[in-house]
Amino acid sequence: MDQSRQVFTVDLLERYASKGRGVITCMAAGNDVILLGTSKGWLIRHDFGAGGSSDFDLSSGRPGDQSIHRVFVDPGGSHCIATVIGGGGAETFYMHAKWSKPRVLGRLKGLIVNAVAWNRQLITEASTKEVVIGTDNGQLFEMAVDEKDKREKYIKFLFELKELPEAFMALQMETASLSNVTRYYVMAVTPTRLYSFTGIGLLETVFASYLERAVHFMELPGEIPNSELHFFIKQRRAMHFAWLSGAGIYHGGLNFGAQHSYINGDENFVENKALLDYSKLSDGVDAVKPSSMAVSEFHFLLLIGNKVKVVNRISEQIIEELQFDQTSESVSRGVIGLCSDATAGLFYAYDQNSIFQVSVNDEGRDMWKVYLDMKEYAAALANCRDPLQRDQVYLVQADAAFTSRDFLRAASFYAKINYILSFEEVTLKFISVGEQDALRTFLLRKLDNLAKDDKCQITMISTWATELYLDKINRLLLEEDNALDKRSSEYQSINQEFCAFLGDCKDVLDEATTMRLLESYGRVEELVYFASLKEQYEIVIHHYIQQGETRKALEVLQKPAVPIDLQYKFAPDLIVLDAYETVESWMTTKNLNPRKLIPAMMRYSSEPHAKNETHEVIKYLEFCVHCLHNEDPGVHNLLLSLYAKQEDDDALLRFLQCKFGKGRENGPDFFYDPKYALRLCLKEKRMRACVHIYSMMSMHEEAVALALQVDPELAMAEADKVEDDEDLRKKLWLMVAKHVIEQEKGTKRENIRKAIAFLKETDGLLKIEDILPFFPDFALIDDFKEAICSSLEDYNNQIEQLKQEMNDATHGADNIRNDISALAQRYAVIDRDEECGVCKRKILIVGGDYRMSRGYTSVGQMAPFYVFPCGHAFHVHCLIAHVTCSVNGTQAEYILDLQKQLTLLGDGARKDMNGGITEDSITSMTPADKLRSQLDDAIASECPFCGELMIRQISLPFILSEEALLVNSWEIKPQNNLANMRTLSLPV
């Protein structure tokens, strides 16, 4: 076999590994650390990772010859357990990589340790955690060591074989965390049995439970030089196991998460069990049992004689034989055993002097072929490394299915092949056997496997598949009638599948080509469906209109992606087909412009309708006007024209009287064209409506004239609408009166009585003299006697009322004069100690500081002042200052401006404030007096302490914003130079 293609290779690692300390008796490896036991009781440690070695004499202090029976090392290479057998019996030692000498495990004295199981999930460099130890007398112990304690924490007895006492030859342990508890899995082998223990809780509790229940075991009788149990470890988790038993290699997968529970609580965590018979390892000769074994991911390494046979675990075939370069003195004894380093992924073999390293070179590279030969296609695919390998697996599956005439399954596999078989070859295979369905299946699966970048190929295959679908549907339609039921179900199924295909491939199919295909096969429904997929909504809607399916057409129009212009385009056809559904759709459609629907509505309105039929256009226009508040004149004009054509004009009058623009600032009351409305109403002889329109256009004379032709009561109501123009109102009533008088056809006296009654309806606007010209010249005055007398009495009453009003006005003027005279004589008594409310100085103080030089006249030597009825008194200039500070800026400027004007007028314009005010002085006030009066109103209309000014002061803050600087000046700031201040000591 080509060395470059070998999966396993052997290299000499160390020629004289025992260093002259005797011959090698046992070996263990972990994490690039190798531990050797020798026949002279020495323990030799080779650390290939750190690059050093050390040796320890375990026979020191023991009588006789001592030999290392077994040595064990954890996967991390830190913890070591070794058993020495000699003249003094058996003794077991524990050794840590950091210790300088091993420690005796006294609890195990006299016991031969054959097997150790490490807790691979929890073990660390500092602590072994739980370790299970198996002895030669069939007992199991639990031990734990912490490196810092320099001794074991405990050694506990766990279990003993009593039914068939045999030596435990090998142990393996796994743990799994389940809902915050730990489940232990322990496998142990004796020469003839494989035991399995499992349970939740502490190890001691798990094994104690087997006092009351049976232990599960597998028994394979037969002699074996060395019964071994191996787990293949991947990412610190056991994947499968192998037991080197007397009957063969018993192996299987491990699934520690399996939930297959037995009644007694044990779990069957072993899967796919198998037994490799030793007869398969030799060609016709007597089977030779291996003396040692190692397990890789896919292979067993079996030591038979001085060779290692590599057996594929899946195919159970020998793939390689490994030879060793031994020294002459070692050849006689041969290779002693095998061991593995799961952490480093290496295997080792050893004889009495040397160590050999067995390296693995991509052992899974040909596993796909192995599985393929065994027809385990799923496993073969899982182990393929590249597309070419996967293609070969698919090709074998496809050819097998094609040969068995399972063409649909073959098509699925052929579609997955990308490199070793061309597209044309596959299609020709199906065409040659006339399998159109399989060909279609192949094309569909090929589409699923193509990359999105292969747009041209995707489009071509999709188009071909479309034609195959159409051909299949056509063939089903042409089948005989005796298969009608079966054909119908198949037809429905293939039709649904085809529609789903069109939906999936709508983006890759050429639109024009696909539509031509559908049209050529007469598949109208599918054509419409594809058009909707491609958003060719015009075709879809046109089809539904041709079929008379208004509701479906409207549903398409309601879709958000459909352009709004299609609503207007198809509106004339839809409203003729089903006016109710169309209008209902319009009313639920947003952003629809009713103006663009006017042609369709006019077309509908031009057709005859039943007398009691709901006019759908009127309903829609009313919705637009009243609910959507549409202001388009065209919409309003159309609705008005439809109202005008109805027999009953109530709706028309309500529409004309409704003010649609009400509430809009500077907006119109209506949006229709009044001139158009007037012409239309005149044409349709809607006179009441014409009267309303005339009135609305302020053409009151025309309105009244027309109303007189319809109803005099209507004319009176129109005449009464004019309120702001008395002359026009009277003119309109005269028109009504003339019409009433001229239309009366009774006796003269009766006519006169009706005319007199009409006068009363005008509420006095018309008099008898206004309507007399309307009577004939030969009418006798006697007939108007009562009316004329009544009119004269009214005039007399009005004259008397005017006289009374004049007398009341004269009396009121006299009272005002008397009040003015009395007001001039009012006075107030001021105490000489009375203080000014602002400056707190006496009001009657004499001094130039409190005198106004201009505008006011001092009383003797005193400053001018104000006294209020409440008793508060203020100097003039104090009151001005106080009020200007309390009012807003505009009013303050006004007060100061008045004071300035008074000052500018000078003393020549002064009058004595305490002098008498005569009637002549009131009528001839000087400018200074007027200014002073205005100033009095501004500052002295009320007491500043008792009036509204004081009430407004309540809401002001105590400290104003402009006083912030003043407030800050009072702030106490900390002194920073306290440290520099001197301390003065005062004598006591």
Query raised in the report: Can you name the one residue among Met239, Met173, His240, Met187 that meets side-chain contact (heavy atoms from CB on, under 4.5 Å) with Phe231?
Result: Met187
Is there a side-chain contact between [X] and [Y] in this structure, where contact means two heavy atoms from C-beta onward sitting under 4.5 Å apart?
X: Phe300; Y: Pro290; answer: no
X: Leu36; Y: His46; answer: yes
X: Leu43; Y: Val71; answer: yes
X: Phe298; Y: Val7; answer: no

[X] atom [atom1], neighbour heavy-atom count above 12 within 6.0 Å:
X: Glu212; atom1: CD; answer: no
X: Lys150; atom1: NZ; answer: yes
X: Glu223; atom1: CD; answer: no
X: Lys234; atom1: NZ; answer: no
X: Asp65; atom1: CG; answer: no
X: Lys129; atom1: NZ; answer: no

Query raised in the report: Given the rule in the side-chain contact (heavy atoms from CB on, under 4.5 Å) test, do Glu142 and Phe207 qualify, once you have shown the distances and angles that lead to the verdict?
Result: CA-CA 10 Å; Glu142 178 188 356; Phe207 281 94; over 6 Å; no
Atom [atom1] of [X] and atom [atom2] of [Y]: how far apart are they, to the nearest 0.5 Å?
X: Asp136; Y: Ile112; atom1: CG; atom2: CD1; answer: 4.5 Å
X: Leu35; Y: Ser53; atom1: CG; atom2: OG; answer: 11.5 Å
X: Ile85; Y: Ser67; atom1: CD1; atom2: OG; answer: 7.0 Å
X: Gln121; Y: Arg236; atom1: CD; atom2: CZ; answer: 6.5 Å
X: Asn114; Y: Thr135; atom1: CG; atom2: OG1; answer: 7.5 Å
X: Met169; Y: Leu171; atom1: CE; atom2: CG; answer: 11.0 Å

Would a distance-only check, ignoring hydrogens and angles, find a side-chain to backbone donor-acceptor pair under 3.5 Å from [X] to [Y]?
X: Asn383; Y: Ala379; answer: yes
X: His79; Y: Thr124; answer: yes
X: His96; Y: Glu125; answer: yes
X: Lys309; Y: Leu281; answer: yes
X: Thr190; Y: Ala167; answer: no
X: His299; Y: Glu363; answer: no
X: Lys289; Y: Gly246; answer: yes
X: Ser18; Y: Ile24; answer: no
X: Glu320; Y: Phe8; answer: yes
X: Asn306; Y: Val335; answer: yes

Query raised in the report: Would Thr92 and Ile81 count as a side-chain contact (heavy atoms from CB on, under 4.5 Å) if you check the C-alpha gap in whole Å, the side-chain angles of each, and the deciding distance to 0.1 Å?
Result: CA-CA 7 Å; Thr92 302; Ile81 295 175; 3.7 Å; yes
**Report entry** Contact summary for Gln357 and Ser359, nearest pair of heavy atoms
**Finding:**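 Taking every non-hydrogen atom into account, NE2-OG, 3.2 Å.
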Would [X] and [Y] count as a close aromatic pair, with their ring centres under 6.0 Å?
X: Tyr377; Y: Tyr394; result: no
X: Phe56; Y: Phe93; result: no
X: Phe72; Y: Trp118; result: no

Requested in this report: Please determine, by modelled atom types, if Trp243 and Ser227 share a side-chain donor-acceptor pair under 3.5 angstrom.
Outcome: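 Ser227 and Trp243 do have a side-chain donor-acceptor pair below 3.5 Å.
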Report task. Just say parallel, tilted or perpendicular for the rings of Phe217 and Tyr195, cut-offs at 30° and 60°. Result ->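 Rings of Phe217 and Tyr195: tilted, 30 to 60°.
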Report task. Take Gln172 and Phe241 through the side-chain contact (heavy atoms from CB on, under 4.5 Å) test and state the conclusion after the steps. Result -> CA-CA 9 Å; Gln172 294 288 348; Phe241 77 98; over 6 Å; no
Query raised in the report: Between Leu338 and Phe347, is a side-chain contact (heavy atoms from CB on, under 4.5 Å) present by the stated rule, with each step listed?
Result: CA-CA 7 Å; Leu338 300 174; Phe347 301 93; over 6 Å; no
**Report entry** Pair Glu297 + Arg313: basic N to acidic O under 4.0 Å
**Finding:**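 Salt bridge absent between Glu297 and Arg313.
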